[in-house]
Amino acid sequence: AQGREATTLKDGGTIIYDYANEKGAKNASLGSLWGAELKVDGQGGLTIANASAPVDVADAISFVGAENNVLTLDASSPLVYVKSAISGDGTLKKTGYGTAIMSGTDAVSGLTVSQGVLQLGESADAPNAQAANAAVVLNGGTLTGWTDSLGSVAIGRGGNLALAKAGRVDLTGSGTVFSLDGGKLGVAVENADNYTNYATTDGDVSLSKGSVYVDAAKDAGLKAGDALTVVSTENGKMSANVDNLLIYDNIAGNRFVVDRDALSNGDFTLKMQKVDYTNGATSSNEREIGGYLNGWLDNGGLKDGVMVNCMK
């Protein structure tokens, strides 16, 4: 396959690799199968279907059209590694039920996840910077992984931003650089000082509706009074419709609430407080039930992995 000329996709042209008739668990590498650069002039597609083992996409990908370049990666297989160097002005759109892991070089200007999972990098020690300045749109799939920056993020209905990185993620774009409008935002927490937080200097933040999931490590040691600033803008506008935001966590006996006072400083901050279900009880029966719930939560009555405390 070596020495082939570059393949150019345009007008919706799609390369399809269907492994339905392949046997065994041997890894397949598209680098060795087609062995040439893939150019995208406008709209193009790459489909990886029915592979029973991980598939490597290794050849260089370049966006060469004058505008509106989009490569749709349909990962209809459990696991696809995108190891390609990606260049030019264009968007990589992830579809298909499977997981695609980006571990290449250079950059994309846009990243859309409509189905399945797109992961940036392979681990905390091997992050990926290909979306460092990308406009990210999540409208049906999940973006996870490890990166130090993104251009902007728009989380729509069905979208899920759940980076595994605990630490600061810079938003490098302009205008509205972070929006939550019906999707989910995950916050990975190692401890009260190290957790996923998105920060911009001049960009705007809009949190109109959706869910925030605080996923704390078992040894995070969080306690009532701890505060997590999840999204912040230094000079931009912070807009948050708190009543339309549900806050979930996996910490028994406590819950997070939005610090409304911090919003005026450009910070979307969650504060942990003790749960007391006897507050507001007006009868002995209500107090008894509240006391039971308090004890149940404090003694780990909820199973691991179940997100609870969805109170504003």
Side-chain angles (χ1 to χ4, degrees), residues 79 99-103 113 116-129 131 136 138 141-150 153 155 159-171 178 180 183-199 205 207 210-232 245-259 262 267-277 293-312:
L79 186 57
T99 295
I101 299 177
M102 294 180 66
S103 60
V113 187
V117 176
L118 182 63
Q119 178 178 311
L120 298 173
E122 298 187 49
S123 68
D125 295 327
N128 181 263
V136 177
L138 307 176
T142 296
L143 180 67
T144 186
W146 299 264
T147 185
D148 292 331
S149 66
L150 297 168
V153 181
I155 312 170
N160 181 21
L161 178 61
L163 292 186
K165 175 184 176 177
R168 178 180 172 120
V169 179
D170 288 306
L171 300 170
F178 195 99
L180 176 62
K184 301 176 183 179
L185 169 61
V187 183
V189 181
E190 291 186 355
N191 53 57
D193 298 317
N194 193 25
Y195 53 90
T196 313
N197 62 98
Y198 299 89
V205 176
L207 309 172
S211 304
V212 181
Y213 290 76
V214 178
D215 186 11
K218 290 184 177 181
D219 59 352
L222 297 179
K223 60 186 183 302
D226 286 340
L228 311 177
T229 298
V230 178
V231 188
S232 63
L245 299 174
L246 293 177
I247 313 301
Y248 297 81
D249 65 65
N250 62 344
I251 305 166
N254 294 280
R255 66 186 178 99
F256 282 97
V257 296
V258 177
D259 184 348
D267 296 329
F268 178 71
T269 299
L270 304 179
K271 293 181 66 175
M272 175 173 275
Q273 67 181 35
K274 179 71 176 178
V275 173
D276 187 352
Y277 286 107
L293 290 173
N294 286 341
W296 185 57
L297 288 173
D298 287 335
N299 288 285
L302 294 169
K303 296 180 180 180
D304 289 344
V306 178
M307 296 297 185
V308 298
N309 306 335
C310 53
M311 301 181 183
K312 298 190 262 301

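At least one side-chain heavy atom of L245 sits under 4.5 Å from a side-chain heavy atom of L180. At a threshold of 4.5 Å between non-hydrogen side-chain atoms, the residues L222 and N191 do not count as touching. Counting heavy atoms from C-beta on, the side chains of Q273 and N254 never come closer than 4.5 Å. Residues V212 and L246 form no side-chain contact, since every pair of their non-hydrogen atoms from C-beta on lies 4.5 Å or further apart. Side-chain contact between L228 and N197 is absent, with no heavy atoms from C-beta onward closer than 4.5 Å. Using a 4.5 Å heavy-atom cutoff, the side chains of T229 and Y198 are not in contact. A heavy-atom distance below 4.5 Å is found between the side chains of W146 and Q119.
In plain terms, the two heavy atoms of A224 and K274 that are nearest each other are CB-N, 4.0 Å. Shortest non-hydrogen contact noted between N160 and I155 is N-CG2, 4.2 Å. Shortest non-hydrogen contact noted between A164 and A188 is O-CB, 3.8 Å. When all heavy atoms are compared, the tightest approach of V257 to R255 is CG1-NH1, 3.2 Å. Taking each heavy atom of K271 and A227 in turn, the nearest pair found is CG-CB, 4.1 Å. When every heavy atom of V169 is checked against every heavy atom of T147, the shortest pair comes out as CG2-O, 3.8 Å.
Rounded to the nearest 0.5 angstrom, N128 CG and I101 CD1 are separated by 10.5 Å. Considering CG of L270 and CG of D249, their distance stands at 9.5 Å, rounded to 0.5 Å. In this structure, the separation between OG1 on T142 and CG on L161 is 9.0 Å, given to the nearest 0.5 Å. Considering CG of D226 and CE of M272, their distance stands at 7.0 Å, rounded to 0.5 Å. With values rounded to the nearest 0.5 angstrom, F178 atom CZ is found 9.0 Å from F268 atom CZ.
Side-chain N or O atoms of D267 include none that pairs as donor or acceptor with a backbone N or O of T269 at under 3.5 Å.
Applying the salt bridge (Lys or Arg N to Asp or Glu O under 4.0 Å) rule to pairs touching residues 161-170 yields D148-K165, R168-D170, sequence neighbours excluded.
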**OP:** Could you walk me through whether L150 and L120 pass the side chain to side chain contact (heavy atoms under 4.5 Å, CB included) test, one step at a time?
**Re:** CA-CA 11 Å; L150 297 168; L120 298 173; 4.1 Å; yes
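With no hydrogens or angles considered, a side-chain donor-acceptor pair links D215 and N250 at under 3.5 Å.
Partners of Y195 by ring-ring contact (aromatic ring centres under 6.0 Å, His included), not counting sequence neighbours: none found.
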